[in-house]
Q: 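I'd like to ask you about the structure that follows.
Every heavy atom of this structure was used, including side-chain atoms; hydrogens, water molecules and symmetry mates were not. Just so we're clear, the structure is a prediction, and the values are computed from it rather than from any experiment.
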Amino acid sequence: MDLKITTKEFEALMLCKAEVRYQYTLKRIADTEGMWTIIDNNNSFALQTYEDKRLFPIWSSKEYAQAFCVGDRDAYMCFAVTLDYFEEHVIDFVFNEGLLISVFPTINEPYGKIVELNTFAEDLSCFLEDYQ
């Protein structure tokens, strides 16, 4: 699930718009069969709030998740999520809690691309089909 990212790639992607980061994240999740989120000191998923919505943040690599955990989020820890774990645990959690997915939030764009669980799952499945 490790993804090697060059400094140049890291910096370039951090400047991209949310849609570009979304497509990149889907491809990388399909490549590595995993994603990253963040957890708090109680080992609970760290959620975001945007207006009246609660969000489950994900990134394609640990480096991008770590870059988000600064300031008031510096106590959060990165948590690796395999596709199996996502299917077996995260999907039900997101659905039961009525959450949306926040894909690749950054310091400058703290909510990333916000999508519904079904949209994220369908889009990811399109990328995964390319690997079968």
Side-chain angles (χ1 to χ4, degrees):
M1 214 173 93
D2 283 339
L3 176 65
K4 295 186 187 212
I5 300 169
T6 66
T7 302
K8 185 177 179 179
E9 179 181 3
F10 179 88
E11 291 171 355
L13 198 57
M14 293 297 276
L15 298 174
C16 290
K17 297 285 184 199
E19 180 62 33
V20 172
R21 294 192 318 271
Y22 179 68
Q23 295 299 320
Y24 171 90
T25 300
L26 292 170
K27 180 180 182 336
R28 290 302 194 176
I29 290 171
D31 288 344
T32 62
E33 298 185 2
M35 64 196 82
W36 290 83
T37 192
I38 50 179
I39 56 175
D40 63 20
N41 319 20
N42 300 321
N43 292 327
S44 298
F45 292 123
L47 304 178
Q48 297 175 280
T49 303
Y50 175 70
E51 296 175 353
D52 62 340
K53 298 169 181 61
R54 293 178 3 173
L55 313 173
F56 184 88
I58 62 159
W59 294 266
S60 57
S61 74
K62 184 177 184 178
E63 291 83 355
Y64 295 119
Q66 283 175 321
F68 187 72
C69 294
V70 296
D72 61 341
R73 296 181 289 265
D74 67 351
Y76 293 160
M77 297 167 284
C78 299
F79 182 76
V81 177
T82 64
L83 284 181
D84 288 340
Y85 187 89
F86 185 78
E87 290 175 9
E88 294 169 14
H89 302 284
V90 175
I91 288 175
D92 287 342
F93 174 76
V94 169
F95 179 78
N96 291 334
E97 294 292 320
L99 306 175
L100 297 173
I101 306 284
S102 168
V103 180
F104 204 138
T106 65
I107 297 302
N108 295 330
E109 222 175 334
Y111 303 106
K113 178 169 169 112
I114 299 171
V115 294
E116 292 187 5
L117 177 61
N118 287 345
T119 301
F120 178 77
E122 288 171 14
D123 291 347
L124 181 57
S125 322
C126 290
F127 280 86
L128 290 169
E129 286 175 5
D130 292 341
Y131 288 89
Q132 293 180 3

Q: Could you grab the distance from atom CD1 of Ile101 to atom NZ of Lys113, nearest 0.5 Å is fine?
A: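 It comes to 13.0 Å.
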Q: Looking at every non-hydrogen atom in both residues, tell me the closest pair between Met77 and Asp40 and how far apart they are.
A: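 Looking at all heavy atoms of both residues, the shortest contact is CE-O, 3.4 Å.
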Q: Within the 4.5 Å heavy-atom criterion, are Asp123 and Val115 side-chain neighbours or not?
A: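 Asp123 does not reach Val115 side chain to side chain.
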Q: Any chance the rings of Phe120 and Phe56 have centres within less than 6.0 Å?
A: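 Here the rings of Phe56 and Phe120 have centres that are no less than 6.0 Å from each other.
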Q: With a 4.5 Å heavy-atom cut-off, do Thr25 and Tyr64 have their side chains touching?
A: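 Not touching, per the 4.5 Å side-chain cut-off.
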Q: Give a yes or no on whether Tyr50 atom OH has more than 12 heavy-atom contacts from other residues, nucleotides or ligands under 6.0 Å away.
A: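 Not more than 12 within 6.0 Å, no.
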Q: Give a yes or no on whether Leu100 and Phe93 share a hydrophobic cluster (residues Ile, Leu, Val, Met, Phe, Trp, Tyr; joining criterion: side-chain heavy atoms under 4.5 Å apart).
A: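 Leu100 does not cluster with Phe93.
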Q: If we only count heavy atoms from C-beta on, is the Asp84 to Glu33 side-chain gap below 4.5 Å?
A: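 Asp84 does not reach Glu33 side chain to side chain.
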Q: Over all heavy atoms of both residues, which pair between Thr37 and Val81 is shortest? Give the atoms and the distance, please.
A: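 Smallest heavy-atom distance, with atoms named: CG2-CG2, 3.9 Å.
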Q: Can you tell me how far CD1 of Ile38 sits from CD of Gln66, rounded to the nearest 0.5 angstrom?
A: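 If I round to the nearest 0.5 Å, the distance is 11.5 Å.
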Q: Find out whether Met35 and Leu83 are in side-chain contact, i.e. whether some heavy atom of one side chain is under 4.5 Å from a heavy atom of the other.
A: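 In short, these two side chains touch, coming nearer than 4.5 Å.
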Q: With a 4.0 Å cut-off on N to O distance, would you call Glu9 and Arg28 a salt bridge?
A: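 So Glu9 pairs with Arg28 through a salt bridge.
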Q: Can you confirm whether Ile58 sits close enough to Ile29 that some side-chain heavy atom of one is under 4.5 Å from a side-chain heavy atom of the other?
A: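 The answer is yes, as the side chains (C-beta and beyond) meet within the 4.5 Å cut-off.
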Q: To check you understand the geometry: which heavy-atom pair defines the closest contact between Ser102 and Gln48, and what is its length?
A: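 Reported closest heavy-atom pair: OG-OE1, 3.0 Å.
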Q: As an exercise, state the distance from CG of Leu47 to CZ of Arg54, rounded to the nearest 0.5 Å.
A: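 Between atom CG of Leu47 and atom CZ of Arg54 there are 5.5 Å.
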Q: Minimum heavy-atom separation for Pro57 to Ala46, with atom names?
A: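 Residues Pro57 and Ala46, closest heavy atoms: CD-O, 3.4 Å.
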Q: Which residues pass the salt bridge (charged side-chain N to carboxylate O under 4.0 Å, His left out) test with Arg73, sequence neighbours left out?
A: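 In terms of salt bridge (charged side-chain N to carboxylate O under 4.0 Å, His left out), with neighbours along the sequence ignored, Arg73 is linked to no residue.
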Q: Quick check: closest heavy atoms across Pro105 and Pro110, and the distance to 0.1 Å?
A: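 Residues Pro105 and Pro110, closest heavy atoms: CB-O, 3.2 Å.
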Q: Could you tell me the separation between the CG atom of Leu124 and the NZ atom of Lys27, rounded to the nearest 0.5 Å?
A: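 Rounded to the nearest 0.5 Å, the CG-NZ separation comes to 12.5 Å.
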Q: Contact between Trp59 and Arg21 at the side-chain level, heavy atoms closer than 4.5 Å - yes or no?
A: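 Not touching, per the 4.5 Å side-chain cut-off.
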Q: Are Val103 and Leu55 linked, directly or through intermediate hydrophobic residues, by side-chain heavy-atom contacts shorter than 4.5 Å (ILVMFWY only)?
A: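 The answer is no; the residues belong to distinct hydrophobic clusters.
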Q: Tell me, do Lys17 and Tyr22 make a side-chain contact under 4.5 Å, heavy atoms counted?
A: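 They are not in side-chain contact.
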Q: Would one find more than 12 heavy atoms of other residues, nucleotides or ligands at under 6.0 Å from atom CD of Glu97?
A: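 Atom CD in Glu97 is crowded, with more than 12 foreign heavy atoms closer than 6.0 Å.
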Q: Within the distance-only criterion (no hydrogens, no angle test), does the side chain of Asn42 pair as donor or acceptor with the backbone N or O of Ser44 below 3.5 angstrom?
A: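 Answer holds: no.
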Q: With the 4.5 Å side-chain cut-off for hydrophobic clustering, are Ile114 and Leu117 part of the same group?
A: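 Result: no, two separate clusters.
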Q: Going from CD1 on Ile5 to NZ on Lys62, what distance comes out if it is rounded to the nearest 0.5 angstrom?
A: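 Spacing of CD1 (Ile5) from NZ (Lys62) equals 12.0 Å.
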Q: Is the CZ atom of Phe95 crowded by more than 12 outside heavy atoms at less than 6.0 Å?
A: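 It does not: Phe95 CZ has 12 such atoms or fewer within range.
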Q: Which heavy-atom pair separates Ser60 from Phe104 by the least distance, and what is that distance?
A: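 Between these two residues, the closest heavy atoms are OG-CE1, 4.3 Å.
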Q: Is there side-chain contact between Tyr76 and Phe68, with at least one heavy-atom pair below 4.5 Å?
A: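 Not in contact.
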Q: How far does CD of Glu122 sit from CG of Leu26, to the nearest 0.5 angstrom?
A: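 With rounding to 0.5 Å, CD (Glu122) is 12.0 Å from CG (Leu26).
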